[in-house]
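Just so it is clear, the model here is predicted, and its values are computed rather than measured.
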Amino acid sequence: MRHFPRTARRRMVSAALAATMAVGVSTIPSAYADDLKDKQRKVQKDIKSAQSELHASSRSMQRATAKLAAARDQLAGAQVALAAAEGKAADAAVRDAQMQVELDEATAALEQAQTDLALGRGLMNDQLDQVTATVTDFYQQGDPQLLAFASLLDSQTPADLTRQNELRDGIVDREARVFQELQAAKVLLKMREQQVEDAKEAVALKRQAAADHLVVMQSLEAEAAAAKASVVSLVGARATAQSAAVRAKRADEAALAELEQEEAKISDMLRRRALAALRAQRAKQRDQGPASPGNSGGFLDSPVSGTLSSPYGYRSHPIYGYWGLHDGQDWAAGCGQPLYAGADGRVVSSYSSTVYGRRLVVDHGAVSGVGLATIYNHATSYTVGVGARVTRGQVIGYVGDSGWSTGCHLHFTVMANGSTVDPRNWL
């Protein structure tokens, strides 16, 4: 557990959840291996990650923070999806306008081709009328070539012959031109008929493309509408999650304030007991002579068979984001694993805390010039009560996840003269 200044708590802000820390479980001491082998095997299946960085907040705060973070992520994703959907719909609208222009142009081309075809048919009819007239002349007046030959026979002078030849050539040229114009009109008419067919096909293709695109447009508009509705819904979900996080934070602040009062009482009690123990030790030394200087390192045995997942020290709070003291060690271990007395001592307090769950305080008396005590937290139960004498290595309880905890573990605190110290200096 960490302790944070009151001024810092007033600046609490929600932050992202810390990454989960994978932790292992050590083997139970050989003295208990046979009795607890089956139990340990079962317990190991239920071990959760200790996630010691989150022990400084309640489960409700952790859940609220996780939901708020998830709501923010989902909203961000939905906003991206909405922007993409609206972008696709806008692009489709531009394409729709382009396709309408293309369809209008194809329709105009068809109308022009139909007009040209009508003109071509009129020209064809005119040429047919001229050919008909020429054929009629042939029938009534005879072949121009034969007429020209007859004129040659009737010619009296060379000049007459020349004039008659010129007349014949003019008639023949005119008739040839009429037939050529008829053939040209036929060819042009076929071309215009093909142009009309091509224009009809182009219009049909453009209309089908426009119809297909209309379906796409409707789909994209529906997608954009759904994305917008999702954003609106997620905005509401984020607001709800944020309100829940605020309520959970206020509840945590109240629990932390209560904890400060508890800690102040325990510290005051341990300071008084330390002072008494040190006075008694000095009196004993006066009677028996000075003792050799003590060495705190290695005085305490390990409180549990497990893995150290979070040491003592200052760090940033994973939920609220401010700097504070993690006042003990977190040991990852399976629920139900035994807790051991680190040294001989007496149980001076045992109670349930909102934050720490089930707690046990053991006073070890005067050690190396200080009054030493150890505190066990989050247990599932204890086998000793207030006033009991404990001996080094004795089973005094079992690991649990009571209080503010995200998994089975032990939060172990060492107190020297009523103040927390780094357990590493004593283990």
Side-chain angles (χ1 to χ4, degrees), residues 1-5 8-9 18-26 49-57 256 259-260 262-264 266-267 269-271 274 294-333 337 339-343 345 349 353 355-364 367-379 396-397 399-427:
M1 183 64 202
R2 297 188 185 86
H3 296 288
F4 302 94
R9 285 207 304 274
T20 302
M21 297 175 64
V23 293
V25 180
S26 300
S49 173
Q51 294 182 342
S52 58
E53 291 300 315
L54 300 179
H55 293 159
S57 59
L256 287 171
L259 176 64
E260 285 185 354
E262 294 174 5
E263 297 291 81
I266 291 176
S267 294
M269 175 190 68
L270 292 176
R271 276 193 295 269
N295 181 2
S296 61
F299 175 79
L300 295 173
D301 287 347
S302 179
V304 67
S305 178
T307 301
L308 180 64
S309 60
S310 184
Y312 177 96
Y314 282 89
R315 68 202 64 181
S316 177
H317 191 288
I319 299 293
Y320 303 129
Y322 52 83
W323 193 252
L325 176 65
H326 183 244
D327 65 0
Q329 293 177 331
D330 285 329
W331 290 81
Q337 283 190 226
L339 300 171
Y340 306 104
S349 182
S353 163
V355 177
Y356 278 122
R358 296 182 181 86
R359 312 188 74 191
L360 187 76
V361 183
V362 180
D363 183 5
H364 300 287
V367 180
S368 298
V370 299
L372 188 69
T374 53
I375 304 178
Y376 298 75
N377 302 282
H378 302 299
I396 58 175
V399 174
D401 64 347
S402 57
W404 287 6
S405 171
T406 58
C408 296
H409 77 289
L410 166 66
H411 180 83
F412 181 66
T413 304
V414 175
M415 308 282 284
N417 295 334
S419 299
T420 64
V421 294
D422 192 339
R424 289 177 295 184
N425 296 329
W426 292 88
L427 291 170

Test item: Leu300 and His364 side chains (from C-beta on) under 4.5 Å apart, heavy atoms: yes
Here the gap from Met415 atom CE to Glu263 atom CD, rounded to the nearest 0.5 Å, amounts to 6.5 Å
Once rounded to the nearest 0.5 Å, what's the spacing between atom OG of Ser267 and atom CD of Glu260? 11.0 Å
Could you tell me if the side chain of His326 sits less than 4.5 Å from the side chain of Ser310, heavy atoms only? yes
Kindly give the heavy-atom pair with the smallest separation between Leu259 and Ser353, and that separation in Å. CD1-OG, 4.2 Å
Check whether any side-chain heavy atom of Ile375 lies under 4.5 Å from a side-chain heavy atom of Tyr356, and answer yes or no. no
Could you tell me whether the side chain of Asn417 and the main chain of Gly371 form a donor-acceptor pair under 3.5 Å? yes
So, does Ser349 use its side chain to make a donor-acceptor pair with the main chain of Val361 at under 3.5 Å? no
Backbone of Asp330 reached by a side-chain donor or acceptor of Ser309 within 3.5 Å: yes
Side chains of Tyr340 and Asp301 in contact at under 4.5 Å (non-hydrogen atoms): no
Beyond-backbone contact of Phe299 with Ser368, side-chain heavy atoms, under 4.5 angstrom: no
Apply side chain to side chain contact (heavy atoms under 4.5 Å, CB included) to Glu262 and Val355, showing your working. CA-CA 11 Å; Glu262 294 174 5; Val355 177; over 6 Å; no
Testing the basics here: between Leu339 and Ala379, what is the closest heavy-atom pair and its distance to 0.1 Å? CD1-CB, 4.0 Å
Nearest atoms (heavy-atom pairs only) where Ala333 meets Val399: O-CG1, 3.8 Å
Is there a side-chain contact between Ser305 and Gln337, using heavy atoms and a 4.5 Å cut-off? yes
Thr420 side chain reached by Tyr312 side chain, heavy atoms, under 4.5 Å: yes
Considering all heavy atoms of both residues, which atom of Trp331 and which atom of Pro303 are nearest to each other, and what is their separation? NE1-CG, 4.2 Å
dist Arg358:CZ -> Asn377:CG (nearest 0.5 Å) comes out at 12.5 Å
Anything under 30° is parallel, anything over 60° is perpendicular, the rest tilted; go ahead and classify His378 against His411. perpendicular
Kindly give the heavy-atom pair with the smallest separation between Trp426 and Asp422, and that separation in Å. CD1-O, 4.0 Å
